[in-house]
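Reading through the structure tokens given below for one structure.
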Amino acid sequence: MKSARHIVVAVIAFAAVLVNTASAGEPLDEAVAQVRPPDSIDRCGGENCVAVTRGLITFLDRRLHGLQANGRSCADCHMPSDSLQLSPADAEARFQFLQWRRSWNPNAIDPLFLPIDADDFRTNGALANDFSNLRENGLIRVTMPLPANVRLIDPATNAPSTETSVDVWRAVPSVFNVKLTGPDGLIPWPRGPNTTGGYQLDGRKANLQEQALGAFTAHAQVQTAPPQQLLDDLAAFQNVLFSSPRVRVLADAVRNGVSPLPDIDPPLSPLEAQGKVVFTRACAQCHGGAGQSTIQAPLISRFHDIQVNCPRPVDTVVPARFTFVPCPPRLARNARTYEFTQPNGTLIRRTSSDPGRALLSGFIGGPAGTDDWNKFDVPNLRGIARTAPYFHNNSVDTLEQVVDQYIAFFKHAQFTAPIVPPFATTDGVHFDRQPLPEERDALVAYLRKL
């Protein structure tokens with residue numbers, strides 16, 4: 001059987017042919033009708049197949065007729081050839097290919113490399129051409145308005161600047177398995193938006209339609225608002241994208257209300273089975289539920305800081321009790337210092353390459369684990385073996401490094417938290433959930449099977 005990825009690539013290639021053979025003035029619905037009658041009552045995983053087909057075509061469409069966009073399609077960043085994500089290797093290969101094309105065609109373009117995602121866009125505007133974050137890190141610019149109580153610190157003067165927004169650099173996650181993620185209605189966070197999870201890495205979008213609208217506006221730079229049907233069609237298409245047939249079976253079971261849900265793991269070797277035991281103990285309290293993105297009671301922290309931002313904690317005790325791999329310069333350069341005005345007028349400064357949900361709420365300084373500083377939503381793990389690099393800033397390259405990061409994360413919590421954190425204990429007393437170095441190989445082996 002073909003892998004799910006190959007199936008997606010084949011279907012998208014077919015849709016590309018359909019888009020290119022339809023005449024420039026031909027309405028999209030007429031082109032879709034050539035594939036499936038408009039009155040079809042078939043359903044694709046609970047979605048209308050006509051809507052799915054329209055959504056697939058829109059996903060590929062760089063023209064986006066009537067929207068006055070910049071030539072980007074969804075597939076330019078969510079690459080079908082790489083599990084519908086963007087990696088630094090993808091970006092660098094495309095950049096080098098673009099340079100080769102420009103050696104004989106100076107006007108050649110690749111819509112991935114537009115000024116809006118150049119590092120020097122804020123200074124050089126339309127002439128910007130430094131794509132270091134894209135090429136080296138696989139990160140795109142996300143511009144966030146600053147909350148009313150937050151100021152950026154000018155590194156030249158060490159004083160608050162007049163900026164009203166900030167650029168953070170984030171990975172382009174795969175859109176596989178989004179049907180199993182998003183808001184789950186469980187264990188709400190005390191502050192919005194989307195207190196029980198959402199879409200985008202920080203959970204700021206309530207549904208796939210909002211997510212698509214944000215991408216059209218910020219990344220495709222549309223000048224005309226997309227019609228609601230187009231957004232609904234894209235959501236329908238994304239809802240039938242899965243990293244494997246096994247995950248599709250799970251999604252169908254969830255949709256049909258099957259209980260208990262099937263265990264979709266394939267046959268496991270003894271090492272992989274051992275890794276599943278480690279996963280259940282050390283990981284599943286946060287990566288729970290069908291989508292492996294739902295926290296489990298007694299946890300109360302819907303959103304998490306897993307210490308992958310820059311700068312990272314450094315233990316001042318000798319010998320060090322925990323050790324995080326330092327941020328490389330290519331990521332460390334994205335850090336900015338923020339000044340938060342507290343309700344009592346106190347000023348607090350913190351530095352981060354991406355403050356996460358603190359940019360949505362402006363809230364920091366609460367009891368341990370309850371503020372929004374550096375907090376992000378819990379991602380789905382299905383198909384993780386094919387979606388390297390990892391974390392919201394693409395900061396680690398392998399699953400072995402992912403496990404190493406969590407070993408350090410648990411040790412950091414063990415020695416710095418005032419009480420045993422709920423995620424680290426099975427009984428509320430003992431620190432006994434952490435993955436151990438000697439369990440690393442088993443855990444990685446199981447993660448590769450998800």
Side-chain angles (χ1 to χ4, degrees), residues 3-5 82-83 85 87-89 138 171 173-174 176-177 243-247 250 263-296 299 304-308 312-313 315 319-328 331 378-415 420-421 423-426 430-450:
S3 71
R5 185 178 73 175
D82 193 7
S83 297
Q85 61 160 3
S87 71
S174 172
F176 276 138
N177 309 325
S243 56
S244 72
R246 294 182 292 110
V247 182
L250 178 62
D263 183 347
I264 63 167
D265 285 346
L268 302 177
S269 71
L271 182 67
E272 293 158 355
Q274 178 188 348
K276 184 173 183 176
V277 172
V278 178
F279 181 90
T280 301
R281 184 193 78 232
C283 310
Q285 68 271 24
C286 295
H287 292 281
Q292 294 184 326
S293 59
T294 299
I295 63 171
Q296 306 296 298
L299 269 64
H304 296 270
D305 172 14
I306 56 172
Q307 310 295 346
V308 296
R312 292 173 182 161
D315 195 4
R321 300 161 298 174
F322 59 86
T323 304
F324 291 101
V325 176
C327 285
L331 291 173
V378 179
N380 153 73
L381 298 184
R382 303 285 182 186
I384 192 174
R386 298 189 299 276
T387 57
Y390 303 105
F391 301 131
H392 66 267
N393 54 3
N394 284 341
S395 57
V396 302
D397 296 324
T398 68
L399 288 174
E400 287 81 2
Q401 292 172 338
V402 169
V403 175
D404 289 343
Q405 172 70 24
Y406 275 103
I407 290 173
F409 170 72
F410 272 86
K411 287 183 177 178
H412 174 264
Q414 181 178 8
F415 293 112
V420 179
F423 69 81
T425 178
T426 60
H430 298 94
F431 196 96
D432 55 6
R433 284 192 180 272
Q434 72 274 23
L436 303 175
E438 58 268 28
E439 297 172 325
R440 177 184 189 246
D441 290 347
L443 181 53
V444 168
Y446 178 65
L447 291 173
R448 294 190 187 281
K449 288 292 187 178
L450 293 177

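Start at 1 with the first residue, then count along the sequence.
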Handout entry: With sequence neighbours excluded, residues passing side chain to side chain contact (heavy atoms under 4.5 Å, CB included) with A171
Key = L139, N394
Practice task
Give the minimum heavy-atom separation between L268 and A273, together with the two atoms involved.
Solution key: CB-N, 3.9 Å
Handout entry: With T323 via side chain to side chain donor-acceptor pair (under 3.5 Å) - residues at least two apart
Key = none
Exercise for the section: Output yes when a side-chain donor or acceptor of T425 lies under 3.5 Å from a complementary backbone atom of F431, and no otherwise. Expected result: no
Exercise for the section: Identify the two heavy atoms, one from R382 and one from L250, that lie closest to each other, and give their separation to 0.1 Å. Expected result: NH2-CD2, 3.8 Å
Handout entry: Any side-chain heavy-atom pair of R433 and C283 under 4.5 Å
Key = no
Problem - CZ-CD1 distance between R246 and I264, expressed to the nearest 0.5 angstrom - result: 5.5 Å
Practice task
Verify the distance criterion only: is there a donor paired with an acceptor across the side chains of N380 and S293 at less than 3.5 Å?
Solution key: no
Handout entry: Separation between OG of S395 and CG of L331, rounded to the nearest 0.5 Å
Key = 6.5 Å
Exercise for the section: Could you tell me the separation between the CZ atom of F176 and the CZ atom of R386, rounded to the nearest 0.5 Å? Expected result: 7.0 Å
Completion exercise
Residues passing the disulfide bond (SG atoms under 2.5 Å apart) test with C327, sequence neighbours excluded, are C310
Handout entry: From I384 atom CD1 to S174 atom OG, the distance as rounded to the nearest 0.5 Å
Key = 11.0 Å
Completion exercise
Taken in chain and number order and not counting sequence neighbours, the residues that satisfy ring pair (Phe, Tyr, Trp, His ring centres under 6.0 Å) with F410 are F423
Using distance only, find each side-chain donor-acceptor pair of residues 443-450 under 3.5 Å and give its atom names and separation, not counting sequence neighbours.
unit_1: Y446; atom_1: OH; unit_2: D265; atom_2: OD1; d: 3.4
unit_1: Y446; atom_1: OH; unit_2: D265; atom_2: OD2; d: 2.8
unit_1: R448; atom_1: NH2; unit_2: E400; atom_2: OE2; d: 3.2

Handout entry: Partner set under side chain to side chain contact (heavy atoms under 4.5 Å, CB included) for Q307, not counting sequence neighbours
Key = D305, P313, F324, Q405, F409, H412
Handout entry: Note, P326 side chain near R312 side chain (heavy atom, < 4.5 Å)
Key = no
Practice task
Please list, chain by chain and in numerical order, all residues satisfying side chain to side chain contact (heavy atoms under 4.5 Å, CB included) with T280, sequence neighbours excluded.
Solution key: K276
Handout entry: Side chain to side chain, F279 and H287, heavy atoms closer than 4.5 Å
Key = yes
Problem - Q85 side-chain N/O to A388 backbone N/O, donor-acceptor pair under 3.5 Å - result: yes
Practice task
Can you measure from CG (L436) to CD1 (I407) and round to the nearest 0.5 angstrom?
Solution key: 7.5 Å
Handout entry: With sequence neighbours excluded, residues passing salt bridge (Lys or Arg N to Asp or Glu O under 4.0 Å) with D315
Key = R321
Exercise for the section: Identify, with sequence neighbours excluded, every residue that meets salt bridge (Lys or Arg N to Asp or Glu O under 4.0 Å) alongside D441. Expected result: none
Exercise for the section: Quick one: which residue pairs count as a salt bridge (Lys or Arg N to Asp or Glu O under 4.0 Å) with a foot in residues 277-295, not counting sequence neighbours? Expected result: R281-E439
Handout entry: side chain to side chain contact (heavy atoms under 4.5 Å, CB included) partners of V396, counting only residues at least two apart
Key = Y390, F391, Q401, V402
Problem - Spacing of CG belonging to D432 relative to CD belonging to Q434, to within rounding of 0.5 Å - result: 7.0 Å
Problem - Any side-chain heavy-atom pair of V308 and H392 under 4.5 Å - result: yes
Exercise for the section: List for me each residue that meets salt bridge (Lys or Arg N to Asp or Glu O under 4.0 Å) alongside R440, sequence neighbours excluded, and say none if there are none. Expected result: D404
